[in-house]
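Written out below as structure tokens is the structure these notes cover.
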There are 2 protein chains.
Amino acid sequence: NEIPHNEKLLSLKYESLDYDNSENQLFLEEERRINHTAFRTVEIKRWVICAMIGILTGLVACFIDIVVENLAGLKYRVVKDNIDKFTEKGGLSFSLLLWATLNASVVMVGSVIVAFIEPVAAGSGIPQIKCYLNGVKIPHVVRLKTLVIKVCGVILSVVGGLAVGKEGPMIHSGAVIAAGISQGRSTSLKRDFKIFEYFRRDTEKRDFVSAGAAAGVSAAFGAPVGGVLFSLEEGASFWNQFLTWRIFFASMISTFTLNSVLSVYHGNAWDLSSPGLINFGRFDNEKMGYTIQEIPIFIFMGVVGGILGALFNALNYWLTMFRIRYIHRPCLQVVEAMLVAAVTATVGFVMIYCSRDCQPIQGSTVAYPLQVGDAGECWGLNSETRPCWVLWHWTSQPSGSDASNSVFFPLQLFCADGEYNSMATTFFNTPEKSVVNLFHDAPGSYNPMTLGMFTLMYFFLACWTYGLTVSAGVFIPSLLIGAAWGRLFGISLSYLTKGSIWADPGKYALMGAAAQLGGIVRMTLSLTVIMMEATGNVTYGFPIMLVLMTAKIVGDYFVEGLYDMHIQLQSVPFLHWEAPVTSHSLTAREVMSAPVTCLRRIERVGTVVDILSNTSSNHNGFPVVESNPGTTQVAGLRGLILRSQLIVLLKHKVFVERANLSLVQRRLKLKDFRDAYPRFPPIQSIHVSQDERECMIDLSEFMNPSPYTVPQEASLPRVFKLFRALGLRHLVVVNNRNEVVGMVTRKDLARYRLGKEGLEELSLAQT
Amino acid sequence: NEIPHNEKLLSLKYESLDYDNSENQLFLEEERRINHTAFRTVEIKRWVICAMIGILTGLVACFIDIVVENLAGLKYRVVKDNIDKFTEKGGLSFSLLLWATLNASVVMVGSVIVAFIEPVAAGSGIPQIKCYLNGVKIPHVVRLKTLVIKVCGVILSVVGGLAVGKEGPMIHSGAVIAAGISQGRSTSLKRDFKIFEYFRRDTEKRDFVSAGAAAGVSAAFGAPVGGVLFSLEEGASFWNQFLTWRIFFASMISTFTLNSVLSVYHGNAWDLSSPGLINFGRFDNEKMGYTIQEIPIFIFMGVVGGILGALFNALNYWLTMFRIRYIHRPCLQVVEAMLVAAVTATVGFVMIYCSRDCQPIQGSTVAYPLQVGDAGECWGLNSETRPCWVLWHWTSQPSGSDASNSVFFPLQLFCADGEYNSMATTFFNTPEKSVVNLFHDAPGSYNPMTLGMFTLMYFFLACWTYGLTVSAGVFIPSLLIGAAWGRLFGISLSYLTKGSIWADPGKYALMGAAAQLGGIVRMTLSLTVIMMEATGNVTYGFPIMLVLMTAKIVGDYFVEGLYDMHIQLQSVPFLHWEAPVTSHSLTAREVMSAPVTCLRRIERVGTVVDILSNTSSNHNGFPVVESNPGTTQVAGLRGLILRSQLIVLLKHKVFVERANLSLVQRRLKLKDFRDAYPRFPPIQSIHVSQDERECMIDLSEFMNPSPYTVPQEASLPRVFKLFRALGLRHLVVVNNRNEVVGMVTRKDLARYRLGKEGLEELSLAQT
């Protein structure tokens with residue numbers, strides 16, 4: 001096998017989710033009783049939940065934004081005061097030390113909470129959510145604790161000055177919020193609000209998690225349509241109009257909430273000018289329109305983006321392999337995160353100090369009033385002589401599309417009056433703002449050398465940072481790298497053509513950003529729409545689409561997308577959209593697991609307990625067969641029962657004594673199953689006495705009486721399609737006489753992959 | 001049954017489509033042989049076809065736009081000269097006569113070609129395409145002849161001055177183009193290009209038709225994302241990432257082609273300012289932003305739109321019933337169309353004459369140079385004294401978002417110099433331009449009385465027009481009605497609040513347009529995105545979504561959406577997204593058709609011919625069972641074979657003689673099936689001699705060996721989900737021993753509907 005797997009990873013146990021509705025007889029009975037009014041109530045509840053998801057996701061985004069703003073403002077003030085002091089006295093190395101230490105300490109806290117409290121909160125969370133929507137639950141991924149750690153972690157990472165963004169984690173946050181609200185309870189808080197009990201099953205929860213992820217994208221980029229498409233592209237295999245409409249509703253509410261709250265916070269209530277955590281600013285057709293002749297150039301940029309993205313992913317792959325092997329202890333992980341934070345600060349400082357790329361401030365500069373503390377003092381651009389950290393990005397300038405039009409905030413730093421330090425502008429801003437600057441600064445604002453150096457350093461820093469044990473996203477760093485080399489490309493083009501009409505480098509920065517991001521994450525439709533919505537210009541859709549497509553094609557030639565790579569590194573049994581094309585010759589008989597442990601319709605309790613306790617075969621679904629004398633014989637299929645259902649049956653001791661088969665000790669309700677969902681107790685915690693072992697248990701009352709089946713001659717793509725379209729967890733393979741011959745699970749389907757030399761089999765973790 | 005159906009409609013025969021891939025053994029064999037290279041070739045072909053679909057759809061849209069522009073310019077010139085003459089002399093009634101006659105004659109031609117040559121080209125074609133994507137083919141719907149008639153028809157309808165738009169028919173046109181290109185041949189032209197033969201089956205064709213429909217939306221509204229969502233919302237049940245990406249590609253190419261060609265045509269090449277046939281013009285945040293307080297008002301407008309939409313649909317329903325009963329002869333249909341054309345012209349003329357609502361021309365007017373003939377002479381607004389039809393909408397003003405900003409083209413008509421006739425402005429423009437005017441004209445441009453009268457008259461005219469035997473869309477008339485009452489609403493609000501900040505009536509015109517369109521067609525997600533893309537402003541998404549949602553909820557309370565209504569009136573077995581909620585108590589056993597005609601694996605040719613010739617049971621799929629002596633007995637399922645496959649087998653006489661079972665006369669290839677697709681000859685055309693009747697036919701080589709099955713206890717929603725998710729045409733119902741007990745087809749599932757008093761059964765046409 002090509003990919004060496006760490007033993008630890010393969011021993012991880014994921015949980016497969018079951019997105020097929022018909023769980024058991026009790027559920028079917030409930031559905032049969034449902035009338036129009038009850039259905040309408042459920043439908044209204046769904047909408048209410050989606051609205052709540054939107055509102056809460058928006059509020060969480062606001063919280064992150066505002067806290068980052070204030071904390072980082074504080075940090076910058078401290079550092080600025082220090083630099084002011086030491087620039088006068090000499091001894092700037094002490095400033096560097098302070099700066100690096102401050103960053104490292106903040107990142108340390110962020111890393112400690114992730115590494116020691118909730119490791120699943122590391123990274124952007126997008127691979128984990130992709131897995132969840134695909135049908136694999138990584139443990140703890142949608143818990144409240146994860147959300148808290150994620151939010152705190154991302155704040156600390158951004159404040160700690162790492163090359164990270166706060167957009168990716170919003171997707172994970174939205175998903176956790178959705179999972180929490182839709183269940184009407186929190187196990188972490190030990191509270192059950194006794195509401196929304198109808199939604200306590202995998203299908204419903206998945207639908208709400210889709211909405212939450214979409215709301216997260218929407219809040220992050222102000223892109224509600226992009227959010228919907230992201231959820232659909234990454235998750236839902238069965239397109240349902242009503243579901244999609246609800247997802248869209250949640251997205252819209254989310255961006256609207258963020259917009260309202262941030263507008264009020266920034267003092268310009270009601271004007272709704274901050275639809276997302278990042279806005280690209282307006283790209284006007286007049287000033288920044290493209291012409292048809294430029295399209296080949298954009299496509300070329302797509303190629304470059306694809307290659308650079310593949311390089312990024314390849315480097316990150318080796319880094320991740322290294323981390324899996326050697327840096328798996330939490331302490332080491334914290335130390336690495338601190339190291340990266342210190343190095344990031346140092347690299348920036350040294351580069352600013354060395355480059356001394358001073359550019360004259362141009363007339364178009366718009367100065368917005370500062371609101372954060374005394375930072376305002378350094379805005380009198382000509383009245384001060386000492387180096388000044390213009391803390392523009394902590395100002396509350398109206399960040400709407402209109403204002404961003406003329407964004408140009410210079411940092412004077414080591415430069416003469418009336419000049420600003422170009423390297424500092426790119427390096428010491430929040431990445432979000434740097435991206436917007438690269439898009440919109442007037443031509444000539446950046447020195448090509450500066451940009452080149454910046455791109456190079458930031459590329460490696462971002463690559464090193466992704467995969468650290470901190471909560472952080474890769475969207476913004478990717479955009480920033482791309483915007484930097486894109487702008488550099490635009491400047492070169494302008495030199496070459498001696499300033500023709502298409503000389504505006506901001507346009508190329510945008511295309512570069514798209515190309516780089518596309519080359520790294522390989523998202524297609526949703527990313528195009530997100531970029532379109534973030535620029536607010538529909539005509540840019542066509543070149544952005546071409547760029548992303550090219551980047552994806554070129555990148556896929558070398559190496560997978562970053563998220564898919566990490567999913568595969570974790571040995572997750574992930575089902576792609578289609579079965580590998582060359583798998584048509586495989587049949588269900590060849591891929592299925594056989595023999596299958598079957599249960600009889602009326603089964604001895606002892607047998608059930610033994611089967612469930614058998615650790616070597618940790619099956620989750622058991623075909624229920626005609627009560628033939630020997631269970632090892634193939635027998636006619638009558639139904640399917642899940643491990644979780646058996647556990648509930650055993651827990652409530654729904655046994656019949658041998659003599660009197662009709663006596664049921666307690667009438668089990670659907671509520672008993674729902675209360676236990678999703679954390680069913682392990683079999684070891686259920687005590688069954690020796691007498692009880694001799695009782696019988698009637699499974700036919702609780703099993704799913706008509707499980708989906710597939711004949712053993714069916715080809716793998718056919719099985720795959722059925723499995724994927726319906727979101728199954730178990731698919732029973734039967735012969736011509738409807739007798740059970742095997743069982744296909746997610747892992748059986750996910751392990752086939754199209755490699756260089758035809759079909760390959762992967763090693764996957766347990767589910 | 002609530003809906004009285006015309007006998008004729010119920011006797012219509014639609015064709016169900018089969019969107020499940022695994023057709024027969026030969027196909028499976030071909031798939032098994034496919035390798036990576038072959039797969040890649042197919043994939044590239046798919047992209048090439050999508051690009052071609054986009055280009056051709058864009059070109060057709062351009063063709064329609066340019067021809068309408070020139071023809072209508074000609075017509076207006078003739079009428080203008082006439083009015084000039086008779087205003088001087090007196091006797092304007094003669095002008096009216098000329099105007100009405102001219103319109104009626106043009107519409108007559110448009111109606112004649114539709115009524116006599118290709119009736120399926122009538123209307124917008126959206127219901128037909130919805131059906132196609134759903135899996136029901138209305139005869140001739142994707143033929144080349146239909147496209148030609150559609151394009152000519154829509155040109156003539158618009159030139160004839162009917163209250164119609166040219167946007168809806170673009171969707172149908174795109175779909176036909178897609179179906180034609182993807183098959184690489186045209187039966188109408190009797191040409192087979194011998195390319196793209198791989199795509200000659202229902203699944204592939206459906207995918208391309210989705211792309212074509214999306215390209216059509218994209219060209220019509222400049223809304224590529226909206227196009228993709230339209231296709232998904234109306235069609236695809238199985239969301240596939242690659243498919244969606246291709247659909248998006250086709251959409252993008254389509255709007256880009258339209259944009260390029262129209263830009264070149266209008267003389268401002270390369271500036272790409274015409275993304276769609278209609279652009280709403282730019283809604284700036286500064287000038288036309290909304291505030292949170294306005295949201296309840298927008299929701300109220302949604303309620304009004306829902307009620308008015310329901311009224312429109314209800315009126316149109318009765319009108320359609322009347323037409324089905326009394327106006328089904330083509331001659332009568334043509335006469336009705338002519339009548340509507342004449343009445344439309346008369347109403348407009350009389351209203352303009354009577355209202356005399358003259359408004360002073362304001363300073364902001366921008367005069368664009370005219371290019372069409374001598375119409376330019378009437379632009380000297382003060383130098384002329386006679387009434388002047390300012391043919392603004394035939395001028396080639398740059399129609400991009402920038403220019404539309406200041407659109408304000410007055411028509412002087414019966415008014416004094418320096419004034420313009422407000423009623424004429426709304427009434428005698430192309431509906432597209434009137435919509436944009438209502439959105440963007442400065443406050444005070446319209447007299448409330450004028451707008452009220454206009455709304456009322458246009459509402460009834462549009463309602464009368466939809467359903468005529470002409471090619472025409474309902475999008476633009478709906479938008480226009482809504483924009484008119486929306487603006488009226490905005491003006492009233494401004495009066496009431498004495499001109500507060502939110503006085504701009506254009507904003508309300510936009511919301512009114514959305515509400516009215518939403519109330520009529522009841523589209524949700526895709527319509528929001530289309531409106532968002534057409535306005536080019538993402539922040540408007542939230543109120544538009546709320547308005548559309550409210551309009552849908554309110555409208556659904558009264559009556560169905562217009563398209564669904566027409567689909568139901570035609571008794572099409574249309575599958576909605578989900579089974580009715582109260583149908584859980586129904587099982588497969590109750591809904592299936594039984595007994596089923598089964599075939600044995602080795603069957604006598606005579607039996608096959610007799611079964612296929614039996615007109616009383618026009619089944620399309622036959623279960624193949626174990627060769628038991630008696631065929632009426634239930635027997636084990638072995639496969640499924642389609643009528644079309646049997647026909648091909650009979651046609652090529654793939655028989656084995658009784659004595660020697662292994663002799664096959666000719667080796668049948670997959671190509672034989674593909675060549676016959678989709679118009680398989682009827683059984684009557686195949687001659688089978690008496691000797692041949694005694695031969696045997698081996699079905700096991702050609703049947704689908706592993707058809708999807710469902711146990712007879714499965715509930716209707718479960719069967720429905722399987723059927724819809726996989727796009728099936730036949731679903732075999734089996735018992736516990738895998739023996740055939742029945743068959744579920746589309747009609748069995750589509751006939752259940754949630755009525756006022758629970759589950760109802762509909763009468764549906766044959767398939």
Side-chain angles (χ1 to χ4, degrees), chain A residues 22 28 31-32 34-36 39 222 224-225 232-233 236-242 244-245 248 252 256 260 270-273 275 285-286 289 291-292 400-402 524-525 529 533 536 538-539 541-542 545 577 581-582 584-585 636 705-706 711 713-715 718 721-722 725-726 736-738 754, chain B residues 22 28 31-32 34-36 39 222 224-225 232-233 236-242 244-245 248 252 256 260 270-273 275 285-286 289 291-292 400-402 524-525 529 533 536 538-539 541-542 545 577 581-582 584-585 636 705-706 711 713-715 718 721-722 725-726 736-738 754:
Chain A
S22 310
L28 290 176
E31 289 213 313
R32 231 167 268 148
I34 210 166
N35 60 16
H36 202 205
F39 174 73
V225 182
L232 290 171
E233 194 169 348
S237 52
F238 184 72
W239 164 277
N240 183 314
Q241 198 177 9
F242 309 112
T244 316
W245 189 230
F248 188 49
M252 276 288 185
F256 186 75
S260 310
W270 316 130
D271 81 335
L272 302 176
S273 53
N285 270 341
E286 305 89 70
T291 60
I292 295 173
S401 51
D402 179 41
T524 50
L525 178 61
V529 176
E533 288 190 292
V538 177
T539 43
F542 185 69
M545 184 194 68
W577 287 98
V581 279
T582 54
H584 283 269
S585 53
S706 53
E713 301 85 24
S715 67
R718 197 174 175 76
K721 188 183 168 194
L722 186 69
L726 301 173
N736 268 337
R737 290 178 304 283
N738 204 34
L754 194 65
Chain B
S22 310
L28 292 176
E31 289 214 312
R32 230 167 268 149
I34 211 166
N35 61 15
H36 201 203
F39 173 74
V225 182
L232 291 170
E233 194 169 351
S237 53
F238 184 73
W239 164 277
N240 183 315
Q241 199 177 9
F242 309 113
T244 316
W245 188 230
F248 188 49
M252 276 289 184
F256 186 74
S260 310
W270 315 129
D271 81 335
L272 303 176
S273 52
N285 270 342
E286 304 90 69
T291 61
I292 295 173
S401 51
D402 177 43
T524 50
L525 178 61
V529 177
E533 287 191 295
V538 177
T539 43
F542 184 68
M545 185 194 67
W577 287 98
V581 278
T582 54
H584 282 270
S585 53
S706 54
E713 301 85 24
S715 67
R718 198 174 174 74
K721 188 183 168 194
L722 186 68
L726 300 173
N736 268 336
R737 291 178 304 282
N738 203 36
L754 194 64

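Lettering follows sequence order; numbering is per chain, from 1.
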Legend entry - Minimal non-hydrogen separation, A:Met545 against B:Phe248, with atom names: SD-CD2, 3.8 Å
Inset, instruction - Report the distance from atom OG1 of A:Thr244 to atom CG of B:Leu232, rounding to the nearest 0.5 Å. - result: 8.5 Å
Legend entry - Top contributor to chain B interface from A:Leu722, A:Val529, A:Asn736 [non-hydrogen pairs under 4.5 Å]: A:Asn736
Inset, instruction - State, to 0.1 Å, how close A:Pro711 and B:Ser706 come at their nearest heavy-atom pair, and which atoms those are. - result: CG-CB, 3.3 Å
Inset, instruction - For chain A, find which of B:Ala714, B:Gly222, B:Pro224 contributes the most heavy-atom pairs closer than 4.5 angstrom. - result: B:Ala714
Legend entry - CD on B:Gln241 to OG1 on A:Thr524, rounded to 0.5 Å: 5.0 Å
